[in-house]
Amino acid sequence: MDFCNMPDKLYHESIELISQGRAVLEDLQDWGFETWSPAAEVELPICSAAQSVAASSPATCRSETLAELALRIKDCGLCPLGEQRQNLVFGVGNPRAELVLVGEAPGREEDKKGVPFVGEAGRLLDRILFAMGLSRQDVYICNVIKCRPPSNRDPQPEEIATCEAFLKSQLAAIRPRIIIALGRFAAQTLLQTKKPIGRLRGHWQTYQGIALMPTFHPAYLLRNPAGKRDVWEDMKLVMQRLKSGE
Ligand code: URA
Ligand code: URA
């Protein structure tokens, strides 16, 4: 079946059917049938298979993989943060974006709305994007952690270890040209380093062959407005690279 060129409605109906099918198979397994083992990590082969065939429309496949991932993790209970959330905050924006911004974890507003960066730090992020000549529709925005840590505490190493697979799948699905890692957690997680953000920022890095620019987190800028100058320097590097088509 050609999932890549399907109308949206049909595509979503198909995904719904696949999910229902998966649920039935999971039930069967619970009842002792062992013909198929649908682990949480199993990627549906639709788009990876279709991608190599339909090389002319890989972008379409990417977005579908993202939608599929969103469905797959919508009821995630892999860590205790899932029990306290109002909403899992998957990500927003253009699934074919050239630029992906990765934050830390949802806060109160994000948990309430199910959308990343909608609180005060988010408003600052919108202004940064605006200054870059971009809007939310041009980019894709997500976090390392998909569910709100209580009282906005730092994400725990185990929570990051559990949730980062979803971020990696998102980035693999989108395959942007550039990633901006907002703050320590995004930068250290994606680059697998313990280096402080103050040393990482402003220097191009590479994540899975994708150019990555670490910069300060907007919430940090709210507390330390002097850092805005640094972030703007970093964003200028990003804009140059976006324009250069490199
Ligand atoms: N801070 C983040 O890192 N992510 C959000 O979504 C909101 C605030
Ligand atoms: N600490 C963080 O976690 N992020 C920043 O951007 C700056 C300090």
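As a basis for the values below, the full set of heavy atoms in this structure was taken, side chains included, without hydrogen atoms, waters or symmetry mates. Index from 1, following the sequence. Every number for a ligand or one of its atoms is a count from 1 in the order of the listing.
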Original post:
What distance separates I180 CD1 from T215 OG1, expressed to the nearest 0.5 Å?
Top reply: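 Reported value, rounded in 0.5 Å steps: 7.5 Å.
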**OP:** Would you give the length of the straight line joining atom CD of E104 to atom CD1 of I160, rounded to the nearest 0.5 angstrom?
**Re:**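 Answer rounded to 0.5 Å: 8.0 Å.
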Original post:
Heavy atom under 4.0 Å from ligand 1: found in A105's side chain, backbone, both, or neither?
Top reply: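 The part of A105 near ligand 1 is the backbone, not the side chain.
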**OP:** Identify the protein heavy atom lying closest to atom 4 (N) of ligand 2, giving its residue, its atom name and the separation to 0.1 Å.
**Re:**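 Residue, atom and distance for the closest contact: R184 N, 3.3 Å.
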Original post:
Looking only at heavy atoms of E109, does any of them come nearer than 4.0 Å to an atom of ligand 1?
Top reply: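 For ligand 1, residue contact (heavy atoms, under 4.0 Å) with E109 is absent.
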Are [X] and [Y] in one and the same hydrophobic cluster, where Ile, Leu, Val, Met, Phe, Trp and Tyr link if side-chain heavy atoms are under 4.5 Å apart?
| X | Y | answer |
| --- | --- | --- |
| L101 | M213 | yes |
| L167 | F117 | no |
| I174 | V102 | yes |

Original post:
If you count the atoms of ligand 1 from 1 in the order shown, which ones are under 4.0 Å from a heavy atom of P116?
Top reply: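 So the atoms of ligand 1 that pass are 6 (O).
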**OP:** Could you tell me which atoms of ligand 1, counted from 1 in the order shown, lie closer than 4.0 angstrom to a heavy atom of G103?
**Re:**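 Near G103, the atoms of ligand 1 are 3 (O).
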May I ask you to list the atoms of ligand 2 that are less than 4.0 angstrom from any heavy atom of [X]?
| X | answer |
| --- | --- |
| I197 | 5 (C), 7 (C), 8 (C) |
| H217 | 5 (C), 6 (O) |
| F216 | 6 (O), 7 (C) |

Subject >> E104 N/O to ligand 2 N/O under 3.5 Å >> reply: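 There is no such contact.
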Original post:
Any N/O of P106 closer than 3.5 Å to an N/O of ligand 1?
Top reply: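 Between P106 and ligand 1 (N or O atoms, distance only) the closest approach is not under 3.5 Å.
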Subject >> Region of Y220 engaging ligand 2 - heavy atom pairs below 4.0 Å >> reply: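 Contact part for Y220 vs ligand 2: side chain (C-beta onward).
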Subject >> Mutual orientation of the aromatic rings belonging to Y140 and F90 [parallel < 30°, tilted 30-60°, perpendicular > 60°] >> reply: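 Plane angle over 60°, so perpendicular.
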Subject >> side-chain hydrogen bond (donor to acceptor under 3.5 Å, both in side chains) between K195 and Q205, worked out >> reply: CA-CA 12 Å; K195 278 193 200 155; Q205 315 279 336; over 6 Å; no
Original post:
Is R123 salt-bridged to E109, cutoff N-O under 4.0 Å?
Top reply: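 Not counted as a salt bridge, because no side-chain N and carboxylate O are separated by less than 4.0 Å.
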